[in-house]
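Reminder, nothing fancy here: chain letters follow the sequence lines and each chain counts from 1.
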2 protein chains.
Amino acid sequence: MKRPTIADIAQRAGVSKGAVSYALNGQPGVSEATRKRIVAIAQEIGFNPNSAARALSGATAKAVGLTLCRPARILSIEPFFMGLISGFEAELAARSYALTLQVVATPENEVEVYRRWWGERRVDGVFVSDLRDDDVRIPVLQTLRLPAVVIGGPGDTGSITQVWSDDAGAVAEAVRYLVALGHRRIARVGGLPDLLHTQSRTRAFTDVCMALGLETAVTVPSDYTGEEGGRATRRLLIGAERPTAIIYDNDVMAVAGLAVAQEMGIRVPADLSIVAWDDSPLCSLVHPSLTALSRDISEYGAQAARQLLAAVDGEQVTSVEAGTAHLTPRGSTAPPRTR
Amino acid sequence: MKRPTIADIAQRAGVSKGAVSYALNGQPGVSEATRKRIVAIAQEIGFNPNSAARALSGATAKAVGLTLCRPARILSIEPFFMGLISGFEAELAARSYALTLQVVATPENEVEVYRRWWGERRVDGVFVSDLRDDDVRIPVLQTLRLPAVVIGGPGDTGSITQVWSDDAGAVAEAVRYLVALGHRRIARVGGLPDLLHTQSRTRAFTDVCMALGLETAVTVPSDYTGEEGGRATRRLLIGAERPTAIIYDNDVMAVAGLAVAQEMGIRVPADLSIVAWDDSPLCSLVHPSLTALSRDISEYGAQAARQLLAAVDGEQVTSVEAGTAHLTPRGSTAPPRTR
DNA sequence: CTGTAACACTTAACCGATCAAGTCATGGCG
DNA sequence: CGCCATGACTTGATCGGTTAAGTGTTACAG
């Protein structure tokens with residue numbers, strides 16, 4: 001089947017290619033009558049402008065990119081990214097931007113992909129997630145002048161805007177809640193330690209625990225996988241000073257932690273309270289259901305997409321704070337048993 | 001920063017654009033010495049061919065598309081798609097094809113997206129998942145002559161090739177295993193009933209149960225969500241003829257079913273055995289860990305990607321069967337308690 | 001009645017590649 | 001020596017849009 005081009009429309013309408021272009025793009029230069037006729041013909045023959053030709057004549061690629069730099073086995077179960085992606089889509093689809101996805105192995109690979117995309121003019125902008133200390137991607141994006149939005153932070157990203165959520169506030173809310181229930185020994189199983197948002201959560205966790213006069217504020221680093229989360233939990237639970245509550249940096253690790261506790265005969269929530277970060281259906285699926293720090297991840301993604309599209313349009317954009325995660329109490333938290 | 005073009009290279013090397021094109025594409029028409037010089041310059045200035053210009057001059061878009069037609073809340077937790085996507089990427093990245101993703105609401109929307117992509121020449125081919133009865137997408141793809149690979153089946157897809165796994169064999173293996181353990185009342189919580197592979201699983205389940213002389217072979221339809229899976233489980237467990245084993249069409253529903261059973265005081269596996277379909281980390285995370293029908297979803301995706309790329313290359317491709325899912329026994333299955 | 005401005009177009013250059021066709025030097029052969 | 005084949009390029013058309021500049025018609029002011 002031959003793809004219709006503007007030349008076909010022009011021929012049918014008896015006008016020039018230029019006129020068709022003006023008509024379809026809402027530019028002045030054609031009469032209202034002609035415009036209507038042209039639009040009708042375009043409709044009829046199912047015309048879609050060739051994106052390559054458009055991109056070639058200086059216009060935009062009408063696509064943005066996202067690289068994911070986590071092992072496949074983490075991605076497959078981590079609900080966060082799919083939530084984010086569907087949030088992106090909501091905004092992108094409305095402006096018929098496509099989302100180009102690439103799974104990569106290392107941050108260096110991510111940089112290569114950015115360079116290639118930019119060189120190929122394949123995308124008009126990119127989403128950047130999982131910000132690290134002195135992230136190698138930031139300077140590259142700046143020299144390429146490739147519009148970008150960093151998801152998560154806040155961190156030092158120079159001229160690149162960020163969409164971030166107040167993790168410090170959320171962690172404080174969780175700790176305060178647990179303390180209000182009577183907990184005095186609260187531990188945390190953190191995410192990948194080289195990610196910036198993990199660091200800011202760790203700092204906030206330590207700070208608020210100290211501020212509330214708790215004895216300890218142990219954070220065990222982990223990697224968001226269930227296995228590691230379970231292992232970290234086991235390590236915490238066999239220690240001498242067993243915590244009465246654990247906060248996990250994602251839901252997958254929290255579920256794994258719950259399983260470990262049950263396996264060890266430690267009852268949740270009687271002997272151990274559990275708080276998950278990021279509330280996916282997973283948290284309400286398990287028994288007992290998990291108290292979680294919920295936030296609207298799709299909306300988070302939508303907000304990032306709005307920012308990126310604005311940046312692509314050349315608008316001056318500033319970093320914004322997306323909604324803070326809020327505690328959703330469920331069955332996994334209770335006052336600690338007094339001994 | 002200005003993007004380097006082949007004209008820049010041509011100028012530097014003191015040759016024409018055409019010569020550069022021949023050199024970089026390994027075509028005859030330039031001497032080995034000149035080719036080396038040109039390649040070196042391209043390397044040096046970090047040249048990437050503009051994908052739009054390439055696509056425009058008849059070449060391919062170097063991108064394939066995937067539409068996902070499930071509500072966001074399902075996608076976010078369903079590990080299947082992310083596994084599939086990372087499998088795609090493995091093959092696509094090797095040939096530097098990009099993956100374009102779009103989340104849509106209905107199969108009709110999917111058709112629109114295909115039409116648009118095709119008209120825009122944005123993709124060279126598409127993955128088709130979640131095949132339905134008399135799927136509206138198939139005839140459209142055929143008239144558009146848009147290369148495609150159907151994931152899942154087998155079904156009637158005319159000239160479009162499929163990558164499918166032997167669900168009937170897998171369901172038979174699960175049922176035989178449960179029967180060998182001594183189960184006589186086995187139920188199943190199925191996926192979306194209008195999906196073709198759900199239907200073939202249902203048929204196979206009924207057939208094998210009948211063949212083995214079981215009294216019943218109840219399938220409760222569901223929608224892959226945890227909530228529905230839990231509800232279906234509850235319905236099954238409060239019935240007069242309570243099953244001693246349940247097979248779930250995905251892992252999320254199985255986990256939900258486990259939670260429901262525990263909540264009702266029904267012990268797993270003593271009172272109820274559970275088998276999940278598709279083995280994600282989720283299955284080993286919960287307690288007891290779930291016996292599952294495992295298959296290598298990434299490899300499944302990789303195989304589909306290989307097929308699609310071959311189809312894009314114009315090769316004659318035939319439908320292939322990906323590896324059958326095999327039973328991975330874990331803690332959620334045991335002989336039923338004799339009364 | 002003329003000058004000119006506004007409108008409704010057309011023409012053609014351009015984006016950055018690919019590729020068929022043409023050019024030019026060189027070498028081998030009868 | 002002339003002829004043809006070959007290699008190593010160059011030239012220029014082409015893909016399908018966008019857009020600046022040009023053209024022809026009409027309307028209206030002076």
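- Looking only at side-chain heavy atoms (C-beta outward), A:Trp117 and B:Ser51 stay at 4.5 Å or farther from each other.
- Note: CG (A:Leu56) to P (D:dG16) measures 12 Å, nearest angstrom.
- Considering only side-chain N and O atoms, A:Ser57 lies nowhere under 4.0 angstrom from the phosphate OP1 or OP2 of D:dT19.
- The number of heavy atoms from other shown groups lying within 6.0 Å of CD (A:Gln27) is above 12.
- Of all non-hydrogen atoms in B:Arg54 and B:Pro49, the two that sit nearest each other are NH1-CG, 3.4 Å.
- We find that CD1 of A:Ile38 is positioned 14 Å from C1' of D:dG17, with the value rounded to whole Å.
- Residue A:Glu315 qualifies as enclosed at atom CD: its count of foreign heavy atoms under 6.0 Å is above 12.
- For the pair B:Val126 and B:Glu110, the minimum side-chain heavy-atom distance is 4.5 Å or more.
- B:Gln307 places a side-chain heavy atom less than 4.5 Å from the side chain of B:Val320.
- Atom-to-atom, CD1 of A:Ile6 to P of C:dC15 comes out at 18 Å; the value is rounded to the nearest Å.
- The residue A:Thr5 sits close only to the backbone: its heavy atoms come under 4.0 Å of sugar-phosphate atoms, none of a base.
- Within the 4.5 Å cutoff, the side chain of A:Glu112 has no heavy atoms near those of the A:Arg115 side chain.
- The interatomic distance linking B:Asn50 (CG) with C:dG16 (P) rounds to 7 Å, in whole Å.
- Atom CG in B:Asp8 sits about 10 Å away from atom C1' in C:dG16, given to the nearest Å.
- Residues A:Ala7 and B:Arg35 each lie close to DNA chain D; by heavy-atom proximity, the contact nearer the 5' end of the strand is made by B:Arg35.
- No side-chain donor from either of A:Gln102 and A:Thr67 sits under 3.5 Å from a side-chain acceptor of the other.
- The two residues B:Thr100 and A:Ala98 come nearest to each other via the heavy atoms CG2-CB, 3.7 Å.
- Atoms CD (B:Glu120) and C1' (D:dT18) sit 16 Å apart, rounded to a whole Å.
- Look at B:Thr34 and you'll find a side-chain N or O under 4.0 angstrom from OP1 or OP2 of D:dC9.
- Distances shown here put every side-chain N or O of B:Arg54 at or beyond 4.0 Å from the OP1 or OP2 atom of C:dG16.
- In this structure, B:Lys62 does not pair ionically with B:Asp124, as no charged nitrogen and carboxylate oxygen lie closer than 4.0 Å.
- Residues from residues 24-32 of chain B placing a heavy atom under 4.0 Å of any atom in DNA chain C, listed by number, are B:Asn25, B:Gln27.
- The closest side-chain donor-acceptor pair between B:Glu321 and B:Ser165, if any, does not fall under 3.5 angstrom.
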Nucleotides 21-27 of chain D: which of its N/O atoms have a protein N/O under 3.5 Å away?
none

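- The distance from atom NZ of A:Lys62 to atom P of D:dG17 is 15 Å, rounded to the nearest whole Å.
- Under the 4.5 Å side-chain criterion, counting only non-hydrogen atoms from C-beta, B:Ile38 is not in contact with B:Arg12.
- For the pair B:Arg121 CZ and D:dG17 P, the computed distance is 10 Å after rounding to whole Å.
- Applying a 4.0 Å cut-off to non-hydrogen atoms, the residues of residues 10-20 of chain A that approach DNA chain D are A:Lys17, A:Gly18, listed by residue number.
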